[in-house]
Undergrad: 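Input: one structure, supplied below.
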Amino acid sequence: MLDESIFSKFSQRNAVKFCDSHQNWSLVTYGKLWRVIQIIARMLEGQNIEGQLIGVKLPQCPALITVLGGVIKSRNSFCCIDPRDREMRQDDCKECAAVFFPTGEWFQSGQGFQLLLSMRITGMKISLAVASFPVASSPVLGFCVRTSGTTGLPKTIFVPGQCIAPNVTSLIERFGVNEQDVIFVCSPPTFDPFVVDLLLALHTGATLLLVADEIRRSPTRLLPALFPAVTVMQMTPSMFLRWNHRAVTETILAPHSTLRVLVLGGEPFPALVIPAGCRTKVFNIYGITEVSCWSTIEHVTSHTTDQVPLGAPLDASIVLQVRSVDNGQILTPENAQGSIVGELFIGSSTRKCILLEEQPDTSHGDVVFRATGDLVELTNERRLLYRGRCCRLIKRFGCRVSLEELERVLTSHVSVEQCFAKAHDDDMRLVMFFKSSSADPLVEQKLWTFLRSHLPSEKLPDELLRIERFPLSVHGKVCQEGLTRLYLESQLHKSHPDPVVYFRTQLIAMGIGFVDDRSNKDDSRKHRNSFIESGGSSVAALRLYGSMTAKFPDLELPEILARLLDTNVSLDDAIAYVDAQVPKGNAAKRRRTSATDCVPPRIMDGGLLKTVCRYDLGKCIDSRPSTTFCPDIGPILSIGSHSGLLLTIDVTTNDVLSRITLPDRIECSVSFLEPFLEGPGLHAVVGCYDGFLYCFAPREGTIVWKYDAGGMIKSAPLVLSASGDIVFGSYGSAYNLHCLTMDGTARWMLLVGTKPILARPVALGSLADKKCVLVATLDGTMAAVELATGSLVWSRTNARNVPVFGSPIYLADHDRIVSCAVDGELGVYEATGGKKITSHQLPGNVFSSIASLKQADATVDLFVGCYDKHLHCVALDGDKIVLKWKLRLQSQIYATPLILDDKRTLIVCTTAGYVNVIDLRAETDDYTGCKIIATQKMDGELFATPTVCGDDALFVGCRDNFLYKLQINEMKPN
């Protein structure tokens with residue numbers, strides 16, 4: 001990778017120019033650099049180190065360039081290690097035959113390395129330690145780099161020299177790099193663009209300009225260190241955007257600027273206005289480390305800054321493919337009408353980098369393709385446009401939101417220089433960070449108005465947070481951990497012990513109820529508008545309600561959601577309602593109780609519940625465990641998790657029977673195919689986020705068949721053994737309801753309503769001599785479908801298209817259907833035609849299904865877990881619904897209540913991680929007829945419904961990634 005003739009030809013020219021933290025400059029000529037490179041090479045050769053990997057843990061300085069050159073000349077490969085880490089991780093050097101590091105740092109005896117020597121080169125004292133353990137060698141030379149992990153899991157990649165060479169050759173030719181150029185090395189040595197900058201200079205005789213990290217991190221100190229001097233500059237957009245508008249227009253891109261070439265890559269191209277008279281050539285460059293850094297390039301002019309394409313392949317070795325996100329099939333313009341959108345794959349027959357963690361995709365001949373994880377659009381004009389990361393999609397209240405789409409919309413506003421959307425893990429609060437040079441005091445209000453005019457309400461952020469500067473990672477990209485710290489700091493300032501003040505603060509943070517004397521002398525006029533009229537939405541109301549209940553857990557606001565969504569209720573009235581609910585004086589120390597509101601006792605297990613064992617499923621578990629009985633084994637259980645792992649265990653022995661890994665998340669429950677089929681044995685089916693329904697053999701751990709539903713599957717399949725049918729819902733756009741035979745053959749497909757089906761279908765029995773199934777959708781449609789033909793028998797949609805998450809229940813003795821929408825409306829309907837009989841409004845949102853228990857007097861008790869932190873028991877008496885009692889629990893309830901076989905014990909899990917055992921026939925002081933007799937706190941949130949197997953085995957899937965088996969001891973209520 002080095003050409004000795006370059007060092008000889010330009011021996012008197014500067015190879016390296018370095019500015020230290022005190023802004024002192026040092027120079028190293030090509031002649032001196034070559035002499036020291038030879039010393040380093042002879043040092044390694046003297047230890048018989050050749051064809052091996054050498055670790056280099058040095059900061060940006062001339063010594064770093066010297067050591068890397070010496071490693072290359074000695075026919076070894078190098079791996080740069082983050083110099084900021086005072087300690088060396090074992091993974092950083094486990095494959096290194098030797099490590100260079102600053103003298104006095106890192107080395108400790110007993111770490112598998114022996115200190116060989118120390119020396120001073122080009123102004124820095126460095127040490128060399130050699131491995132005391134055997135290290136594999138390879139004739140292939142190159143460098144090793146570990147990706148940052150900002151766009152996925154970190155990967156260790158070996159880049160052979162012949163793979164990086166096309167980058168260097170193509171860019172030298174395109175940029176016209178020569179010995180007169182000064183190349184600013186912005187990237188840290190652990191980032192592969194650093195190697196590109198290094199080789200651009202050493203192949204042409206150009207000068208490398210390095211600065212100390214303290215200078216690099218300060219835009220004000222960095223600017224005079226670079227200009228006037230730098231002619232070629234390659235960096236991330238986030239690094240570039242640290243400079244203000246004046247620095248860009250008057251120095252960097254000014255007509256008199258020394259900068260010939262500006263290359264921005266590693267992140268989406270920013271909203272950049274190229275000033276008039278600018279002579280600098282600006283490029284958008286794109287690629288992934290797995291295909292040796294850069295793969296495409298686009299020359300950006302003042303006419304192309306609106307939507308900058310990713311560009312054309314950098315050289316002839318690059319092959320680009322757009323593949324379907326759903327099934328991985330190659331998408332071609334010839335087979336599509338209009339533009340196509342899919343995941344970009346980059347392939348090459350010569351750039352074959354080696355990923356140490358995985359195998360490459362060689363399914364398309366000699367070309368090795370790598371997934372970028374990026375969503376792109378190929379337009380009719382054959383322009384390739386970046387549309388975001390495939391993984392930067394979040395789900396909020398049943399709606400998928402693209403964070404990149406949100407960023408694109410806000411960036412298009414003239415006041416926004418840079419922005420970044422982040423969903424915070426603690427409460428999934430979607431915060432949009434933005435940077436603006438606008439002095440307008442109403443800029444946030446104007447941005448909210450702009451967003452509401454360009455995005456539907458479910459895609460709006462919860463909060464806009466203006467920051468002066470974006471925190472950056474060592475690689476120059478937006479640092480998400482830094483953003484989290486900024487958000488938490490801002491929350492400390494907004495937090496207030498008074499509920500009314502906090503409520504007002506949250507309204508303002510959400511862009512609702514802005515008050516500014518300079519724009520509106522009559523403040524009351526704005527407060528006379530309702531929450532909805534002021535820009536609120538049902539999603540915003542739910543988020544506000546969640547914030548209030550989390551901040552003030554003892555404050556009851558049963559009517560706040562209804563008031564926020566009612567256009568006849570003003571903001572002033574909503575604020576007054578909150579104020580009226582706050583206990584006054586000493587009453588603030590007491591929480592109000594009523595005859596139907598039980599306070600959960602402080603009971604922890606008490607011997608009733610005991611953890612037997614647990615199973616690690618890799619990621620969180622949101623599905624209910626499923627059990628069945630095998631004649632030669634006994635009871636078995638199967639469950640899936642968000643890691644794609646499908647686990648089957650023997651309930652009696654606790655042994656693992658099988659593990660199957662599916663390509664994507666599993667959120668729905670397993671359904672077993674019964675009775676046992678002759679020949680093949682026990683089979684089961686489960687849906688996956690990749691859009692396939694999988695039939696598998698749980699005992700053997702094998703896939704039997706799979707069916708493509710055209711969209712992800714979260715609906716648990718309904719298995720009808722008598723007819724041999726499997727019915728399930730999906731997120732498919734063409735069809736969202738499917739009926740299959742037991743061998744995976746489609747019997748029929750149907751589109752019900754306009755949105756996906758999340759709830760499990762329900763068997764209705766016969767309606768007018770037709771066997772039917774009942775389904776509910778996310779647009780509020782409920783429908784009865786004939787099982788034999790797939791035709792609609794009847795269909796109804798609620799008034800406001802409120803989604804239904806939980807499965808309806810069919811009460812055969814009453815010929816009634818009970819269903820609850822997300823807004824808490826519990827409705828009773830005729831099974832024969834879907835006519836609404838009656839309804840009951842619960843005081844919070846409902847995301848779970850309903851549990852029912854038939855009583856001796858022919859009434860039916862319905863148990864519903866609610867977002868208001870209560871378990872509600874309502875009785876269906878004929879065609880009337882009566883509230884019997886409600887029981888306050890620790891937090892919101894997403895899991896469906898579980899009724900045990902004794903008909904008197906209820907298991908209810910809360911999102912705070914509590915498993916509650918409730919006695920339904922207890923004698924209580926408040927005559928509610930229910931009492932919590934035991935609780936057990938898990939280590940994570942509980943969203944999934946539990947399962948009981950036998951008399952005493954309780955299985956709970958937790959969001960801490962574990963499936964827990966609990967033993968229920970003899971019921972002795974406290």
Side-chain angles (χ1 to χ4, degrees), residues 605-662 666 668-686 694-704 716-717 719 721 895 898-902 905 907 909 913 915 917 934 936-940 942 944-971:
D605 192 348
L608 185 59
L609 294 175
K610 177 184 177 182
T611 301
V612 178
C613 60
R614 66 177 190 172
Y615 304 84
D616 187 357
L617 271 72
K619 285 188 178 179
C620 59
I621 303 170
D622 285 342
S623 61
R624 178 179 182 172
S626 300
T627 60
T628 193
F629 184 83
C630 290
D632 56 341
I633 295 180
I636 67 170
L637 177 146
S638 292
I639 190 172
S641 80
H642 282 249
S643 69
L645 178 63
L646 191 55
L647 177 75
T648 301
I649 63 170
D650 184 326
V651 172
T652 304
T653 65
N654 301 325
D655 293 336
V656 174
L657 297 179
S658 69
R659 289 186 177 91
I660 302 173
T661 301
L662 299 186
I666 303 171
C668 76
S669 300
V670 170
S671 296
F672 292 97
L673 306 185
E674 299 179 7
F676 296 101
L677 304 178
E678 295 183 4
L682 176 63
H683 290 168
V685 287
V686 69
Y694 289 86
C695 178
F696 67 101
R699 294 174 60 180
E700 294 79 8
T702 57
I703 301 294
V704 179
V719 175
S721 300
L898 174 66
I899 302 172
L900 300 191
D901 289 341
D902 62 5
T905 308
I907 307 292
C909 297
V915 179
V917 182
Q936 179 152 322
K937 178 71 168 66
M938 313 306 287
D939 292 334
L942 296 178
T945 302
T947 291
V948 165
C949 187
D951 296 328
D952 60 356
L954 176 66
F955 290 90
V956 181
C958 186
R959 301 202 104 225
D960 67 350
N961 306 348
F962 286 92
L963 169 71
Y964 290 86
K965 180 180 181 180
L966 306 179
Q967 180 178 324
I968 307 174
N969 295 319
E970 183 181 357
M971 298 289 185

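Computed from a predicted structure; not experimentally measured.
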Undergrad: Over all heavy atoms of both residues, which pair between His642 and Arg959 is shortest? Give the atoms and the distance, please.
TA: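 Minimum heavy-atom contact is NE2-NH2, 4.4 Å.
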Undergrad: Keeping the roles fixed (side chain from Asp616, backbone from Phe962), state whether a donor-acceptor pair exists under 3.5 Å.
TA: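 Absent.
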Undergrad: Does Lys965 use its side chain to pair, donor to acceptor, with the backbone of Tyr615 at less than 3.5 Å?
TA: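 No, Lys965 side chain to Tyr615 backbone: no donor-acceptor pair under 3.5 Å.
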Undergrad: In Å and rounded to the nearest 0.5 Å, what is the CD1 to CG distance from Ile639 to Leu647?
TA: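 Output value for this atom pair is 8.0 Å.
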Undergrad: Considering only heavy atoms from C-beta outward, does the side chain of Thr628 approach that of Ile636 to under 4.5 Å?
TA: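 Side-chain contact under 4.5 Å: yes.
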Undergrad: List for me each residue that meets side chain to side chain donor-acceptor pair (under 3.5 Å) alongside Asp960, sequence neighbours excluded, and say none if there are none.
TA: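 Checked Asp960 against side chain to side chain donor-acceptor pair (under 3.5 Å); matches are Tyr964.
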Undergrad: Which pair of heavy atoms, one from Ala697 and one from Val704, lies closest together, and at what distance?
TA: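 In terms of heavy atoms, the two residues are closest at N-CG2, 3.9 Å.
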Undergrad: Is there a side-chain contact between Leu963 and Phe955 (heavy atoms, below 4.5 Å)?
TA: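 SC-SC contact between Leu963 and Phe955 confirmed.
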Undergrad: Would the distance check show the side chain of Ser669 and the main-chain N or O of Arg624 forming a donor-acceptor pair, the cut-off being under 3.5 Å?
TA: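 Flag set: sc Ser669 to bb Arg624 pair under 3.5 Å.
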Undergrad: Are Ile907 and Val917 close enough that some pair of their side-chain heavy atoms sits under 4.5 Å apart?
TA: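 Ile907 vs Val917: side chains touch.
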Undergrad: Mind checking what makes side chain to side chain donor-acceptor pair (under 3.5 Å) contact with Ser643, not counting sequence neighbours?
TA: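 For Ser643, the residues satisfying side chain to side chain donor-acceptor pair (under 3.5 Å) (neighbours in sequence not counted) are Ser641.
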Undergrad: Quick check for you: to the nearest 0.5 Å, what is the distance between Arg614 atom CZ and Asn961 atom CG?
TA: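 Arg614 atom CZ to Asn961 atom CG measures 9.5 Å (nearest 0.5 Å).
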Undergrad: Of the options Val670, Leu662, Val685, which is the one that meets Phe696 in a side chain to side chain contact (heavy atoms under 4.5 Å, CB included)?
TA: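 Per the side chain to side chain contact (heavy atoms under 4.5 Å, CB included) rule, the option paired with Phe696 is Val670, out of Val670, Leu662, Val685.
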Undergrad: Looking at every heavy atom in both Ala934 and Leu608, which two are closest together, and how far apart are they?
TA: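 Closest pair (atom of Ala934, atom of Leu608, distance): CB-CD2, 3.4 Å.
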Undergrad: Quick one: are Thr611 and Leu966 in side-chain contact, heavy atoms under 4.5 Å?
TA: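 Touching, per the 4.5 Å side-chain cut-off.
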Undergrad: Specify the closest pair of heavy atoms between Ser658 and Gly701, including all atoms of both residues, with the distance to one decimal.
TA: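 That would be CB-CA, 3.5 Å.
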Undergrad: Just wondering, do Leu646 and Thr648 contact through their side chains at under 4.5 Å, heavy atoms?
TA: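 Contact flag for Thr648/Leu646 side chains = no.
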Undergrad: Quick one: pull up SG in Cys613 and CD1 in Ile649 and give me the separation to the nearest 0.5 Å.
TA: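 These two atoms lie 6.5 Å from each other.
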Undergrad: Spell out, as yes or no, whether a donor-acceptor pair under 3.5 Å connects the side chain of Ser623 to the backbone of Gly640.
TA: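 Between the backbone of Gly640 and the side chain of Ser623 there is a qualifying donor-acceptor contact (under 3.5 Å).
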Undergrad: How long is the span from the OG1 atom in Thr702 to the NE2 atom in His683, to the nearest 0.5 Å?
TA: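 Here the interatomic distance stands at 7.0 Å.
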Undergrad: Without swapping roles, check the side chain of Thr947 against the backbone of Pro625 for a donor-acceptor pair under 3.5 Å.
TA: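 Judged by distance alone, yes, a pair lies under 3.5 Å.
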Undergrad: Could you check if a side-chain atom of Leu682 sits within less than 4.5 angstrom of a side-chain atom of Cys630, using non-hydrogen atoms only?
TA: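 Contact flag for Leu682/Cys630 side chains = yes.
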Undergrad: Which atoms form the tightest heavy-atom contact between Gly957 and Ile621, and what is the distance?
TA: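 Residues Gly957 and Ile621, closest heavy atoms: CA-CG2, 3.8 Å.
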Undergrad: Indicate yes or no: at least one non-hydrogen side-chain atom of Asp632 is less than 4.5 angstrom from one of Arg699.
TA: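 Of all side-chain heavy-atom pairs linking Arg699 with Asp632, at least one is under 4.5 Å.
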Undergrad: Taking only residues two or more places apart in sequence, or in another chain, which ones meet Ser671 in a side chain to side chain donor-acceptor pair (under 3.5 Å)?
TA: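 Applying side chain to side chain donor-acceptor pair (under 3.5 Å) to Ser671 gives none.
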Undergrad: What's the separation between atom CG in Leu645 and atom OG1 in Thr661, rounded to the nearest 0.5 Å?
TA: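 It comes to 5.0 Å.
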Undergrad: Minimum heavy-atom separation for Val956 and Pro946, please, with both atom names.
TA: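 Looking at all heavy atoms of both residues, the closest pair is CG2-CB, 4.1 Å.
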Undergrad: Is any side-chain heavy atom of Asp939 less than 4.5 Å from a side-chain heavy atom of Cys958?
TA: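 Not in contact.
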Undergrad: First locate atom CG of Asp952, then atom CG of Leu900, and finally report the distance between them rounded to the nearest 0.5 Å.
TA: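 One finds 11.0 Å between CG of Asp952 and CG of Leu900.
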